[in-house]
Each structure stands twice: as structure tokens, then as C-alpha cells.
Amino acid sequence: MAASAKPAGAAPRARGGARGFERRPWGGFQTLERGVGYKVKRLVVQPGHRISLQRHRFRAEHWVIVAGSPRIVIGGTARRLKPRATVEVPRGAWHRIENPGRRPVVVIEVQHGPHLMENDIIRRHDDYGRAGR
């Protein structure tokens, strides 16, 4: 393998501020690209884990399921999804991604709105003691 070659499966470096994988108790995410009014992330939810039941004041999200079969909750309605399914998460809606399966769930998340920082997360329930933060 040449010194400049990337290992198989390595994510390409994206424009607009790609960052490394940020670990969370449920798995983690990588910011793939960002620009004025939007941000694109790759979320990985490990088997048996779920993200906080949360909402955002300043952004909406669009999810594309890439791998796994998550259970998603949006506005109190839960359903199972398969790869290639897409979901709109309106600004202000309570939502969460759960992974009841045996394989990691991978979701591409496109955020859009005027404020796209992690401090725009309002948590209602969290398995890892972060509600209210």
C-alpha cells in the first residue's frame, strides 16, 4: 500500500470542516461537512443503545438510514426503519434514534437552520444521565 493511500472503508476528507469521530455513550458521530445554515453528520448508534429523547429550538433535521434497522421516535410516534429510508425531524419536535438490533445503526443527518451547535440540544430523557444539560 502506498504511503498516501487510505485504508479500505476510510471516510474521505470532506470540505467545510470535516472532523474526527466524536464518541458518545451511545456510539458517536462525525461531522462530514458544514456550511452557512447546514451541517452533515454521520451518526453511529451501537446495538442496545439510543440517543437522548431531545429537541432543538433552532434547527430541523433530515435523516437517511444507511445501515441497520433503527427504531425512531418523532413527536411521540415510533416506527422501525430500514436502510434507504428517510425521515424529516421538524424543528422543535421531540425525537430519538434507538438501536434494538445486533449491528450498528448508521444514519446520515442533515441539519438545517440558523444555529447548528451541540448546545441546541434540549434533553427530556437520557440513559446516560445527561437530561437537563
Side-chain angles (χ1 to χ4, degrees):
M1 178 190 271
S4 63
K6 291 184 180 180
R13 181 124 177 114
R15 301 171 306 162
R19 301 179 64 182
F21 191 78
E22 296 190 32
R23 297 197 184 282
R24 296 293 184 266
W26 45 264
F29 66 89
Q30 179 181 15
T31 299
L32 302 175
E33 184 168 344
R34 71 181 78 217
V36 176
Y38 77 95
K39 185 186 292 186
V40 181
K41 289 183 174 180
R42 179 181 177 269
L43 310 177
V44 178
V45 181
Q46 294 299 329
H49 291 273
R50 60 189 183 175
I51 68 170
S52 305
L53 180 61
Q54 60 187 259
R55 67 185 178 104
H56 310 288
R57 289 175 292 168
F58 301 106
R59 70 176 184 244
E61 297 173 346
H62 179 85
W63 296 340
V64 178
I65 310 307
V66 175
S69 183
R71 178 179 184 267
I72 59 112
V73 177
I74 299 174
T77 301
R79 60 187 170 140
R80 288 292 292 266
L81 297 177
K82 295 182 179 182
R84 296 191 313 265
T86 63
V87 177
E88 293 291 331
V89 181
R91 183 177 51 130
W94 290 104
H95 62 280
R96 104 178 327 160
I97 302 168
E98 303 175 352
N99 184 357
R102 294 186 208 155
R103 298 180 182 177
V105 163
V106 180
V107 176
I108 299 300
E109 175 182 271
V110 179
Q111 303 174 357
H112 43 95
H115 183 74
L116 304 173
M117 303 302 291
E118 291 299 299
N119 64 3
D120 184 32
I121 298 174
I122 302 164
R123 293 182 175 96
R124 179 182 284 171
H125 294 117
D126 182 73
D127 296 343
Y128 314 102
R130 301 173 303 164
R133 288 200 233 169

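Quick caveat: nothing in here was measured; it's all calculated off a predicted structure.
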Verdict with reasoning, Val45 to Val107, per side-chain contact (heavy atoms from CB on, under 4.5 Å) | CA-CA 8 Å; Val45 181; Val107 176; 5.8 Å; no
Is any side-chain heavy atom of His49 less than 4.5 Å from a side-chain heavy atom of Asn99?
-> no
Neighbour count above 12 (heavy atom, 6.0 Å) for Arg91 CZ | no
Single-linkage hydrophobic cluster Phe29~Met117, side-chain heavy atoms < 4.5 angstrom = no
Return the minimal non-hydrogen interatomic distance between Gln46 and Val44, and the atom names on each side.
-> NE2-CG1, 3.5 Å
Do you reckon Val73 sits in the same ILVMFWY cluster as Val89, going by side-chain contacts under 4.5 Å, direct or chained?
-> no
Could you pull out the closest heavy-atom pair between Val105 and Ser69, with the gap in Å?
-> CG2-N, 4.0 Å
How close do His115 and Phe58 get, heavy atom to heavy atom, and via which atoms?
-> CB-CB, 3.5 Å
Apply the test side-chain contact (heavy atoms from CB on, under 4.5 Å) to residues Arg42 and Val66: give CA-CA distance (whole Å), side-chain angles for both, the deciding distance (0.1 Å), then the verdict.
-> CA-CA 9 Å; Arg42 179 181 177 269; Val66 175; over 6 Å; no
List in chain and number order the residues that pass ring pair (Phe, Tyr, Trp, His ring centres under 6.0 Å) with Trp63, two or more places apart in sequence or in another chain; answer none if no residue qualifies.
-> His95
Once you round to the nearest 0.5 Å, how far does CD of Gln30 lie from CD1 of Ile108?
-> 9.0 Å
Looking at residues at least two apart in the chain, or sitting in another chain, which of them share a side chain to side chain donor-acceptor pair (under 3.5 Å) with Gln54?
-> His56
Qualifying residues under side chain to side chain contact (heavy atoms under 4.5 Å, CB included), relative to Ala67, sequence neighbours excluded = Val106
Closest heavy-atom contact between Arg55 and Trp94?
-> NE-CZ2, 3.2 Å
Nearest atoms (heavy-atom pairs only) where Ile65 meets Lys82 = CB-O, 3.5 Å
Grab the two heavy atoms, one from Gly37 and one from Leu116, that are nearest each other, plus how far apart they are.
-> C-CD1, 3.7 Å
Member of Arg59, Glu33, His112, His62 meeting the side chain to side chain donor-acceptor pair (under 3.5 Å) criterion with Tyr38 = Glu33
